[in-house]
Amino acid sequence: MAIEVGDQIPDVTLRVLDEGGMPAPVQSSAMLGSGKVVLFGVPGAFTPGCSNVHLPGYVEGAAELAGKGVDKIVCVSVNDAWTMGAWAQAQGAEGIEMAADGNGEFAEAMGLVMDGSGFGLGMRSRRYAAVITDGTVTALEVEEGGGVDVSSCSSILGKL
């Protein structure tokens with residue numbers, strides 16, 4: 001069952017790069033559990049829709065999100081921490097925290113898994129965006145198909 005507005009964010013171990021460039025565990029409840037957070041999930045780092053539209057929209061809209069009271073922007077994908085770090089660097093995404101869900105456990109706990117096997121991707125995260133306030137989902141937009149409409153930064157700005 002997919003997470004819904006009013007639900008608490010699941011507590012799962014994610015990975016981020018530490019200052020030495022090594023993957024370090026972080027609990028999703030710690031990363032997403034305080035303040036106002038915009039979380040967006042993507043099927044894969046460096047994939048066309050994610051790299052050409054989804055992440056760049058959040059990079060460009062980061063200041064506007066902050067102006068609407070967002071404390072943190074987090075991107076999560078079923079990739080390893082090194083890939084997420086390289087993607088952030090390639091996209092100039094310094095103000096966005098990149099969370100690696102290498103085993104897809106967070107996507108599964110969110111109930112937002114998609115089967116990308118037909119494209120050689122295996123099990124991945126669906127494309128979505130959520131507003132989380134002190135650990136509770138207050139808005140959630142999940143894409144149907146391959147779009148980047150309801151989960152875009154401009155769409156989420158309209159929810160704030």
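- Between Glu143 and Ser151, the shortest heavy-atom contact is OE2-N, 2.7 Å.
- Taking the six-membered ring where tryptophan is involved, the planes of Phe40 and Tyr58 are essentially parallel, since the angle between them stays under 30° and well short of 60°.
- Between Ala90 and Phe46 the shortest heavy-atom distance is CB-CE2, 4.1 Å.
- The two residues Lys72 and Ala30 come nearest to each other via the heavy atoms NZ-O, 4.4 Å.
- Residue Ile132 is grouped with residue Leu112 when hydrophobic side chains (ILVMFWY) are merged at heavy-atom distances under 4.5 angstrom, including chains of intermediate members.
- To the nearest 0.5 Å, atom OG of residue Ser152 and atom CZ of residue Arg127 are 11.0 Å apart.
- The closest side-chain heavy-atom distance from Glu4 to Leu140 is not below 4.5 Å.
- Of the inter-residue distances, the one linking Asn103 atom CG with Leu14 atom CG reads 10.5 Å to the nearest 0.5 angstrom.
- Separation of atoms CD1 (Ile9) and OG1 (Thr136) is listed at 9.0 Å; rounding is to 0.5 Å.
- Within a 6.0 Å sphere centred on CD of Gln89, heavy atoms belonging to other residues, nucleotides or ligands number 12 at most.
- Trp87 and Ile96 fall within the same hydrophobic cluster, defined by Ile, Leu, Val, Met, Phe, Trp and Tyr side-chain heavy atoms under 4.5 Å apart, directly or through other members.
- Among all heavy-atom pairs drawn from Gly57 and Cys153, the shortest one is O-CB, 3.5 Å.
- Atom CD of Glu141 sits about 5.0 Å away from atom OG of Ser155, to the nearest 0.5 Å.
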| said: Would Ile156 and Val131 count as a side chain to side chain contact (heavy atoms under 4.5 Å, CB included) here? Give the steps. | reply: CA-CA 8 Å; Ile156 292 303; Val131 178; 3.9 Å; yes
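- In this structure the side chain of Val37 never reaches within 4.5 angstrom of the side chain of Val70, judged on heavy atoms.
- Not a single donor-acceptor pair under 3.5 Å links the side chain of Asp101 to the backbone N or O of Asn79.
- No side-chain donor from either of Glu105 and Thr13 sits under 3.5 Å from a side-chain acceptor of the other.
- Applying the side-chain hydrogen bond (donor to acceptor under 3.5 Å, both in side chains) criterion to Ser28, with sequence neighbours excluded, gives no partner residue.
- No more than 12 heavy atoms of other residues, nucleotides or ligands shown are found within 6.0 angstrom of NZ on Lys159.
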| salt bridge (charged side-chain N to carboxylate O under 4.0 Å, His left out) between Glu144 and Arg126, worked out | CA-CA 9 Å; Glu144 296 298 328; Arg126 290 183 65 186; 3.2 Å; yes
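- Taking CG from Leu17 and CG from Asp80, the interatomic distance works out to 8.5 Å, rounded to the nearest 0.5 Å.
- Heavy-atom neighbours of Glu64 CD from other residues, nucleotides or ligands within 6.0 Å: at or below the threshold of 12.
- In terms of heavy atoms, Ala2 sits closest to Gly111 at CB-O, 3.6 Å.
- Judged as a ring-ring contact (aromatic ring centres under 6.0 Å, His included), and not counting sequence neighbours, Phe106 has no contacts.
- For the pair Leu32/Gln8, no side-chain contact is recorded, criterion being any heavy-atom separation below 4.5 Å from C-beta on.
- When side chains are defined from C-beta on, Glu97 does not count as touching Ile73, because their heavy atoms never get closer than 4.5 Å.
- Leu65 and Val76 fall into different hydrophobic clusters, where Ile, Leu, Val, Met, Phe, Trp and Tyr are joined by side-chain heavy atoms under 4.5 Å apart, directly or via other members.
- Side-chain contact between Met114 and Pro43 is present, with at least one heavy-atom pair separated by less than 4.5 Å.
- Residues satisfying the side-chain contact (heavy atoms from CB on, under 4.5 Å) test with Val16, not counting sequence neighbours, are Val26, Met31.
- One hydrophobic cluster holds both Leu39 and Val142 under the rule that ILVMFWY side chains link at heavy-atom gaps under 4.5 Å.
- The OG atom of Ser77 lies 5.0 Å from the CE atom of Met84; values are rounded to the nearest 0.5 Å.
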| Does the pair Cys75 and Val42 meet the rule for a side chain to side chain contact (heavy atoms under 4.5 Å, CB included), with working shown? | CA-CA 7 Å; Cys75 176; Val42 298; 4.1 Å; yes
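- In the hydrophobic clustering of this structure, Leu160 groups with Val59; members are Ile, Leu, Val, Met, Phe, Trp, Tyr whose side-chain heavy atoms approach within less than 4.5 Å, directly or through other members.
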